[in-house]
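Values below: every heavy atom of this structure, side chains too, minus hydrogens, waters and symmetry copies. Note that this is a predicted model, so its numbers are computed, not measured. All ligand and atom numbering here is 1-based and tracks the order in the structure. All residue numbers refer to positions in the sequence shown, counting from 1.
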Amino acid sequence: MNLVAHLDEIFLKGNNQKLFIKRLIDNLEELFPGVRVKRIEGGLWLENFKDENLKRLALVPGVANFAPVFKADLDIKKIIKTVTAHQWGNFSTFRIKSERSDKRYPLSSLEIEREVGAEINKQFGYKVNLKNPELTIHVDISSEQALIFGNLITGAGGLPIGMSGKVLCLLSGGIDSPVAAYKMMRRGAEVELIHFQNQTQVTQEVSQKIFDLTKVLAQYQGTVSLHIVPFSKWQKEIVIKAPADYRMLITRRLMLKIAANFSKKIKSLALVTGDSLGQVASQTLENISAVYESVEILKLSPLIGDNKSEIIRMARQIGTLEISNRPYEDCCSLFVSKHPQTRAGLKETLAIESGLNLSDLEKTKIDSFQVHFRD
Ligand code: ATP
Ligand code: MG
């Protein structure tokens with residue numbers, strides 16, 4: 001089928017509009033091989049699109065909405081023929097909405113709406129409802145052709161990936177961090193992922209889980225770089241030297257330090273986490289401050305003000321929830337103390353950390369993988 005798609009937030013882009021559109025076209029052609037994407041007045045034309053990919057298209061950043069589309073010659077009789085030839089489905093009320101980007105067309109928008117509407121009413125028995133119709137049939141008139149399409153399917157909106165620079169997202173096996181990664185993609189950031197792995201645990205399922213989450217995210221970005229950090233050495237050091245109630249905080253500080261260091265190598269401008277204020281003990285303002293203070297680079301937490309139920313809904317929508325729910329031992333779950341520190345003092349945190357031998361931290365080796373959505 002062919003689709004018409006509209007872009008989100010493009011009116012904000014001024015001189016960058018062209019870049020913005022070109023980026024979205026490139027992204028779509030990479031994500032949907034075999035589909036040709038062309039710029040048309042008011043939006044994009046996607047040719048040769050497969051039905052089974054519609055759900056995924058609805059999550060591609062930058063697309064405001066889309067619908068299957070039919071072309072007709074500009075002659076009003078041909079337009080009516082095309083509109084009535086299509087089976088619109090089970091509706092009882094409708095309206096025709098016409099827009100003319102070429103005002104030279106002999107009929108006004110209202111006249112087009114009336115003529116086409118009368119025919120639809122006659123042939124299908126649908127009733128006109130201008131305020132709240134179940135079906136809106138759009139007739140868009142340009143200088144060369146008429147485009148006809150029904151109800152628009154809402155897309156993810158936001159900006160095309162690649163418009164906002166690169167970020168590095170700390171991906172755990174939980175529900176939150178994949179959603180955080182997706183939300184950054186939706187604001188146009190290219191996201192790379194970093195995962196800290198405790199190798200003394202049975203790690204087979206853990207890495208499978210992390211790869212599976214990465215693959216789901218690659219459905220929207222095309223290719224996602226995943227970096228895995230063997231972390232058991234540092235965990236041992238923490239278990240030996242830090243009191244139980246501070247272990248989680250120190251762990252997260254070390255993760256940020258390693259991630260910040262790696263960020264420079266890949267030229268990422270920010271670290272992204274799945275933190276949500278107050279959700280768990282490590283996410284009080286005091287604790288988040290004590291953790292984020294460990295590195296200078298910009299830290300972004302796109303879920304900070306989201307409720308768990310909203311995060312779960314989004315995880316379900318993007319397809320990560322089921323994978324995140326698989327049971328596994330995260331390297332952090334080992335550290336969940338019965339009485340974790342909820343109001344960490346920075347002085348105390350720093351004092352504990354200074355007792356650790358971190359001289360090799362910068363040399364931590366990192367394994368990198370390129371994950372493609374089709375693998
Ligand atoms: P999530 O559901 O994403 O695991 P959470 O609510 O369980 O989040 P924490 O376990 O406190 O929260 O972790 C907070 C954030 O720290 C995570 O969202 C993630 O960004 C990062 N993080 C935690 N553990 C890891 C890990 N093993 N590897 C990479 N990042 C991690
Ligand atoms: Mg977690």
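Between the side chain of Ser263 and the backbone N or O of Leu168, no donor-acceptor pair lies under 3.5 Å.
Residue contact check: Gly174 has heavy atoms under 4.0 Å from atoms 1 (P), 2 (O), 4 (O) of ligand 1. In the vicinity of Thr273, heavy-atom distances shorter than 4.0 Å reach the ligand 1 atoms 20 (O). Within ligand 1, counting atoms from 1 as listed, the ones closer than 4.0 Å to a heavy atom of Asp176 are 1 (P), 2 (O), 3 (O), 5 (P), 6 (O), 8 (O). Atom numbering of ligand 1 starts at 1 in the shown order; those under 4.0 Å from a heavy atom of Ile175 are 2 (O). Ligand 1 places these atoms under 4.0 Å from at least one heavy atom of Ile194: 29 (C).
Residue contacts with ligand 1: Met248 is excluded, as none of its non-hydrogen atoms falls under 4.0 Å.
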Please walk me through it: do Asp275 and Lys299 pass salt bridge (Lys or Arg N to Asp or Glu O under 4.0 Å)?
CA-CA 11 Å; Asp275 285 315; Lys299 278 83 53 182; over 6 Å; no
Test side chain to side chain donor-acceptor pair (under 3.5 Å) on Glu134 and Ser92; report intermediate values, then the result.
CA-CA 7 Å; Glu134 289 167 32; Ser92 54; 2.9 Å; yes
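Checked by distance only, ligand 1 and Val280 stay at 3.5 Å or farther apart across all their nitrogen or oxygen atoms. Among the atoms of Pro178, none of the N or O lies under 3.5 angstrom from an N or O of ligand 1.
Between atom 18 (O) of ligand 1 and the options Ser172, Gly274, Ala315, the minimum heavy-atom separation is to Gly274. When Gln279, Lys308, His227, Met255 are ranked by how near their heavy atoms come to atom 26 (C) of ligand 1, first place goes to Met255. In this comparison of Arg252, Gln283, His195, Gln197, the heavy atom closest to atom 16 (O) of ligand 1 sits on Arg252.
Using cut-offs of 30° and 60° on the angle between ring planes, the pair Tyr182 and Tyr220 is perpendicular.
Under the rule for a side chain to side chain contact (heavy atoms under 4.5 Å, CB included), the partners of Asp306 that lie at least two apart in sequence or sit in another chain are Lys183, Leu303, Glu310, Ile311.
Inspection of the Thr364 and Trp234 side chains reveals an N or O donor paired with an N or O acceptor under 3.5 Å.
With respect to Glu192 and Lys166, a salt bridge is recorded, a charged nitrogen being found less than 4.0 Å from a carboxylate O.
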